[in-house]
Amino acid sequence: MKKDYQFLIGQRFSVGGEIYVVQDLSDRDEQTYVRAAASADDIVLSEPGTSDRLFSLNEVIQSLLVDEEIELFSPNYLAAR
């Protein structure tokens, strides 16, 4: 299962008001866990060590931050003839 979620490495997610960056994935007790580090302003993968936390895979997927641009416009019904 670890290979299926490799795309998560480097992704940002928010838990408890803190933003984390996914560093690595690991399997334990038939579950996949995500090792993540608290994010600074510049998003860079950090070296393994301090400030790393483990999260459940489901928790990370549910709290991924999505960068999406939404374009809103007002339709012109008079020109739509």
Side-chain angles (χ1 to χ4, degrees):
M1 178 177 301
K2 183 177 174 181
K3 277 187 178 179
D4 296 341
Y5 295 101
Q6 287 295 318
F7 71 92
L8 288 174
I9 294 176
Q11 296 294 318
R12 297 176 299 148
F13 65 99
S14 176
V15 172
E18 293 284 329
I19 296 177
Y20 295 90
V21 178
V22 175
Q23 302 292 311
D24 195 15
L25 303 167
S26 61
D27 292 323
R28 278 192 218 158
D29 304 324
E30 298 181 17
Q31 289 189 353
T32 301
Y33 292 94
V34 174
R35 183 177 59 83
S39 174
D41 288 338
D42 51 339
I43 301 166
V44 177
L45 294 177
S46 66
E47 293 295 320
T50 61
S51 78
D52 289 353
R53 286 188 51 192
L54 282 180
F55 297 91
S56 71
L57 179 63
N58 189 39
E59 182 179 18
V60 171
I61 290 173
Q62 295 296 319
S63 57
L64 282 173
L65 298 177
V66 178
D67 294 326
E68 184 175 313
E69 188 174 315
I70 299 173
E71 184 177 329
L72 300 176
F73 66 95
S74 298
N76 185 346
Y77 295 108
L78 298 176
R81 290 185 162 206

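Clustering ILVMFWY residues whenever any of their side-chain heavy atoms sit less than 4.5 angstrom apart, transitively, puts I61 in the very cluster that holds Y20. Residues L54 and V21 are members of separate hydrophobic clusters, defined by side-chain heavy-atom contacts under 4.5 angstrom among Ile, Leu, Val, Met, Phe, Trp and Tyr. When the side chains of ILVMFWY residues are joined at heavy-atom separations under 4.5 Å, either directly or via intervening members, V60 and L25 end up in a single hydrophobic cluster.
Note that CD of Q6 and CG of D24 are 7.0 Å apart. Values are rounded to the nearest 0.5 Å. Note that CG of D52 and CZ of R35 are 4.5 Å apart. Values are rounded to the nearest 0.5 Å. Rounding to the nearest 0.5 Å gives a distance of 6.5 Å between CG of L57 and CG of L8. With rounding to the nearest 0.5 angstrom, the OG atom of S26 is 10.5 Å from the CD atom of Q31.
Checked against V22 for a side-chain contact (heavy atoms from CB on, under 4.5 Å), the options Y5, F13, F55 give a single hit: F13.
For E59 against V15, the heavy-atom pair with the smallest separation is OE2-CG1, 3.6 Å. The two atoms that bring I9 and Q23 nearest to each other are CG2-O, 3.8 Å, heavy atoms only.
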